[in-house]
Amino acid sequence: MPEKKQSSLETFFGSQSSEIKGDRPDKKEQPTTKSQEEVKEVESKMISKEEEIEEEELEEEEEEEDILEDKAPIELCPDNSPPCCLLHSLYDGSTGRAFLMLLNEHDNRLYGWYDQTNHQPYCLSDLSVEELQRISPVKNYKNIVDYQIVKKQNLLIDKEISMTKILVTDPLAVGGRSDSLRNRLPEAWEARIRYHKNYLYDRNLVPGMYYQIQEGKFIPVKQELAVSVKKEIESIFKDESEEVKKLIPQYLPRFLARMPHIRRAAMDIEVFTENMNRIADPKKAKEEVISVAIVGNDGLKKILVLKRENVPLGKRAGELPRDAEIVFFDNEANLLRETFRIMNDYPLIITFNGDNFDLPYLSQRAYNLRIKKEENPIIVRSRYCKLKHSLHFDAYRFFNQAAIRVYAFGGKYNEVSLDAISSALLDVGKVELENDIGDLSLHRLVWYNYWDSKITLELTTFNNDITIRLIILLMRLTRMPFEDINRQAVSSWIRNWLFAEHRQRGYLIPNSEEIIQSRGESSTKAIIKGKKYKGGLVVEPQPGIHFDVTVLDFASLYPSIIKTWNLSYETMNCSHESCKNQVMVPETDHWVCTKRKGLMSILIGFIRDMRVFWFKPKAKDQSVDQNTREAYDVIQAALKVVINASYGVFGAPHFPFYCPPLAEATAAIGRQAIRKTIERCKQMGIEVIYGDTDSVFLKHPTEQQIEKLIDWSQKELKIDLDVEKNYRYLALSERKKNYLGVYPSGKVDVKGLLGKKRNTPPFIKEVFNEIVKILSSVKKEEDFEVAREQIKGLVKDSYSKLKNKEYPLEALAFQVQLNKQLDQYVKTTPQHVKAARQLLVEKGDKKVAGDFIYFVKTVDSDGVRAIELADVSRIDTDKYIAQMESTLAQVLEPIGVSFDRIMGVRSLDDFFA
DNA sequence: AACTGTGGCGCCCACT
DNA sequence: AGTGGGCGCCACAGTT
């Protein structure tokens with residue numbers, strides 16, 4: 001690419017002098033009322049923001065290199081070792097080498113291994129060595145070690161090119177400092193990949209897999225697979241291309257290799273507080289650590305408690321297991337020392353929010369108590385904490401990941417607290433606190449502390465270690481080191497996966513701007529303002545009650561489209577003259593390459609097929625033994641997480657393979673698929689009463705019709721259409737994404753209705769749920785008569801209770817999440833923000849982004865009061881009646897009941913009755 | 001000054 | 001990680 005070179009050189013020299021950083025736009029002066037000023041004053045007193053903001057800006061720059069802090073903090077592997085599971089990788093600055101962490105299951109310990117291959121950090125340039133020598137900032141850069149010529153396949157132009165690999169002394173010489181090589185070159189490639197990841201890719205190492213040291217050499221342990229399994233899977237992929245078939249031996253061992261058993265302990269600390277609503281600040285760690293509970297999956301149950309003056313001992317809790325050991329300390333520093341000693345003994349420490357609270361608190365507290373640095377194993381980073389001798393897993397972070405919550409655990413918990421997650425997944429709750437932590441007797445404190453720690457451990461052990469198995473599988477699939485799975489969101493898993501696949505195949509990892517420049521932006525207009533492209537199609541619902549409804553949906557629609565349409569960032573609007581305007585994406589100006597198989601298409605298609613054709617059916621197959629079935633279910637869940645996120649990331653500007661044409665083509669083809677299906681249904685005389693993105697709701701279709709339709713889809717669209725569910729009846733209003741369906745079993749599906757939303761007051765939810773219960777028993781048209789009467793009674797009761805102010809504040813509270821910091825709400829002041837500001841001004845309680853605000857509607861000037869400050873007598877009953885009406889009308893309207901009429905609002909009917 | 005209509009903010013959810 | 005959609009309310013403009 002000769003023109004490219006020149007222009008990149010030109011831009012380089014041209015831009016030398018113009019290193020201007022964008023000035024911050026002036027803050028707009030907003031007229032403020034007195035109360036707003038008051039709020040701001042309090043806010044500024046509460047925190048000094050300067051440092052925080054600076055940190056955030058630094059973080060946004062790029063991901064931190066994971067650096068080994070102390071030289072070899074764990075024992076090194078001997079020259080001959082048993083097979084060990086590769087868990088983590090880092091970079092050791094002191095030796096300038098990659099450092100691997102392996103788990104030896106024989107002694108349950110972590111062992112370290114330094115790279116012995118003399119692998120070095122590098123980046124790529126499109127300039128020849130001679131050309132590079134002419135650029136003085138490069139020529140004079142003392143950290144360059146060597147140049148190598150390498151061949152790379154450039155997918156964007158579909159050509160093999162020659163590049164110069166510039167080897168340097170250390171990762172920061174590539175990028176991260178102002179004088180780094182990245183800033184000295186006109187353009188650098190693969191220069192933003194963390195070194196320890198580069199190391200994994202180049203050596204083709206897979207975290208989560210087994211390796212051993214033989215005579216000082218680091219070698220993979222071969223995974224034997226059952227011949228029958230291999231055969232069966234090969235037959236599934238028999239019609240696929242060679243490129244897809246090649247993936248089988250690569251990925252199958254990663255899915256099927258056994259799972260390591262990881263010895264681990266969960267830890268939870270309690271800090272003295274006078275006020276339940278105040279959380280201690282880990283940056284200052286002013287208060288005493290009064291208790292630490294450590295619970296291991298090896299049976300350890302230890303609670304370290306600080307003896308405090310004037311605090312009663314109390315009685316040992318009866319529920320506390322007999323083998324739980326309570327150790328009392330007179331001295332807090334010694335308590336911490338013992339905590340550290342126990343932690344160091346485990347290869348893995350589990351916390352719940354330890355990144356942001358327990359670990360930074362312990363560390364700062366240790367510092368305050370003058371515990372020596374060497375004795376403290378905690379390393380506090382801006383976004384997370386790590387341990388010198390162990391790995392750290394923050395369960396809060398993991399379960400908080402949207403992809404994990406939705407796909408792996410099916411949205412069973414929709415609030416991420418220890419309480420909510422454990423009650424949803426473990427079927428147990430948290431111990432209710434009857435007092436502030438500071439007021440508990442020591443034994444009460446022990447019990448409370450122990451319980452949280454035990455629950456935290458169980459979040460990783462329940463269901464036969466499903467959490468750990470999921471993580472290991474995600475590591476093996478996406479090549480992420482253990483701790484990175486938690487620290488980073490799903491987009492970086494996919495980024496990592498794709499980086500590794502590029503490197504392994506000798507493909508150049510393109511720079512993001514190149515993709516945008518060569519593949520272009522989106523060409524459709526989104527329906528919602530501010531979005532980048534048009535998304536899924538939602539069919540106008542046919543209002544009314546429909547009996548016998550069958551729902552068909554496309555099996556993982558978007559991944560299927562990516563596969564069958566050969567979509568990939570390089571196949572969109574490809575560079576081949578002859579491909580232009582051949583295979584066009586409907587509704588767009590984009591064409592798809594006809595010469596080359598798209599990499600995304602191959603990878604996503606393969607994973608999708610593995611899941612749909614192998615792991616998912618086998619997980620349900622009763623002829624397969626239970627253990628295997630369970631294992632397969634975990635695998636299919638892990639694959640689902642990665643597959644489903646793979647479409648969205650291409651529409652995310654920060655994703656390194658950001659490619660709007662790819663994202664919008666996928667959605668556009670999806671719209672076409674559902675449109676064609678509806679058209680086909682019409683031709684066949686089937687009534688389509690609703691549909692959303694990938695589904696069609698059909699009114700009493702026959703078995704033959706369904707079968708015919710599925711066949712047609714397979715032939716015509718090449719996408720699998722499946723029967724997803726059948727409703728005894730379905731209630732539709734004129735609103736989209738809003739319906740209530742009753743299965744033959746009586747189970748009820750409620751979608752989108754206000755009665756289900758978490759910001760609806762509990763008392764209305766309760767009435768709503770009662771109504772739903774009544775509706776679930778309706779079998780025929782005639783049954784509605786009885787149901788209607790029952791429902792009317794229910795609503796009337798609730799109405800009079802409300803009028804008589806019989807509901808307590810809790811039942812009336814709206815629960816709304818604060819999604820931004822309080823001072824970020826500048827355009828409008830929503831009600832929950834008003835309530836949060838009341839709390840700040842009147843009680844000094846500072847709510848932060850992520851907190852839930854509970855408020856009630858009142859007749860006060862704000863129209864709303866935070867529940868903590870409210871009084872039942874001031875409740876605005878009319879507002880609640882309106883709320884009841886809008887919520888309940890969504891179910892009442894379709895079954896022909898009028899809310900107004902129940903309430904006795906005079907209608908003509910009532911008048912003459 | 002009090003009312004009415006309306007765009008858009010903010011939240012939550014449905015689907016991928 | 002993406003878009004589509006419902007709802008309540010706020011802020012503001014225009015009218016009486």
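Convention: sequence-line order gives letters A, B, ...; per-chain numbering from 1. What you see is a predicted model, and the numbers here were worked out from it, not measured in a lab.
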### Query
Base, sugar-phosphate alone, or nothing: which one does A526(A) contact when heavy atoms must sit under 4.0 Å apart?
sugar-phosphate
### Task
Answer with base, sugar-phosphate or nothing: what part of the nucleic acid does Y533(A) contact at a heavy-atom distance below 4.0 Å?
sugar-phosphate
Just distance, no hydrogens or angles: give the donor-acceptor pairs under 3.5 Å from side chains in residues 849-857 of chain A, sequence neighbours left out.
from	atom 1	to	atom 2	distance (Å)
D851(A)	OD2	V848(A)	N	2.9
Y854(A)	OH	Q815(A)	NE2	3.2

For a quick test of your reading: what N or O donor-acceptor pairs under 3.5 Å do the side chains of residues 397-404 of chain A make, sequence neighbours left out?
from	atom 1	to	atom 2	distance (Å)
R397(A)	NH2	R383(A)	O	2.4
Q401(A)	NE2	I485(A)	O	3.0
Q401(A)	NE2	Q488(A)	O	3.0

## Note on the structure
Note: contacts of residues 534-543 of chain A with DNA chain C (heavy atom, under 4.0 Å) are K534(A), G535(A), G536(A), V538(A)
### Task
Taking heavy atoms of chain A and a 4.0 Å limit, find me the 5'-most and 3'-most nucleotide of DNA chain C within that range.
dA1(C) to dA11(C)
### Message
For a quick check of understanding: with a heavy-atom distance under 4.0 Å over all strands, which category does A402(A) fall into, base, sugar-phosphate or nothing?
### Response
nothing
#### Entry: Ionic contact status for D692(A) with K736(A), cut-off 4.0 Å
no
### Summary
Contact string for nucleotides 5-16 of chain B, one letter per nucleotide 5' to 3', B = base within protein heavy-atom range under 4.0 Å, S = sugar-phosphate only, - = neither, reads ---SSSSBSBSB
#### Entry: Set of residues satisfying salt bridge (charged side-chain N to carboxylate O under 4.0 Å, His left out) with respect to D609(A), sequence neighbours excluded
K563(A)
### Residue pairs fulfilling side chain to side chain donor-acceptor pair (under 3.5 Å) with at least one residue in residues 747-766 of chain A, sequence neighbours excluded
K725(A)-D749(A), Y727(A)-D749(A), Y743(A)-D749(A), R758(A)-Q817(A)
### Message
Considering every strand and a 4.0 Å limit on heavy-atom distances, what is the contact class for E734(A): base, sugar-phosphate, or nothing?
### Response
nothing
### Query
Checking all strands, does K857(A) fall into the base, sugar-phosphate, or nothing category for heavy-atom contacts under 4.0 angstrom?
sugar-phosphate
### Query
Partners of E501(A) by salt bridge (charged side-chain N to carboxylate O under 4.0 Å, His left out), sequence neighbours excluded?
R505(A)
### Task
Fit a plane to each ring of Y739(A) and F697(A), take the angle between them on a 0 to 90° scale, and name the class: parallel (under 30°), tilted (30 to 60°) or perpendicular (over 60°).
perpendicular
#### Entry: Test ring pair (Phe, Tyr, Trp, His ring centres under 6.0 Å) applied to Y658(A) - qualifying residues, sequence neighbours left out
none
Polar atom pairs (N or O), protein with nucleotides 1-4 of chain B, under 3.5 Å:
none

### Task
Under the ring pair (Phe, Tyr, Trp, His ring centres under 6.0 Å) rule, collect the residues that match up with F650(A), sequence neighbours excluded.
F655(A)
### Task
For R608(A) and S556(A), test the side chains for any donor-to-acceptor distance below 3.5 angstrom and give the result as yes or no.
yes
### Task
Mind checking K525(A) for me? I need base, sugar-phosphate or nothing, with any heavy atom below 4.0 Å counting as a touch.
nothing
Quiz: residues 669-677 of chain A side-chain donor-acceptor pairs under 3.5 angstrom, not counting sequence neighbours:
from	atom 1	to	atom 2	distance (Å)
R671(A)	NE	E587(A)	OE2	3.4
R671(A)	NH1	K534(A)	O	3.2
R671(A)	NH1	G535(A)	O	2.7
R671(A)	NH2	E587(A)	OE1	3.3
R675(A)	NH1	E587(A)	OE2	3.1
T677(A)	OG1	A673(A)	O	2.6

### Task
Just call it for S646(A): base, sugar-phosphate, or nothing, with non-hydrogen atoms closer than 4.0 Å on any strand.
nothing
### Query
So how far is it from S646(A) OG to N644(A) CG, rounded to the nearest 0.5 Å?
8.0 Å
### Query
Under the 3.5 angstrom rule, does the side chain of Q831(A) hit a backbone N or O of V864(A) as a donor-acceptor pair?
no
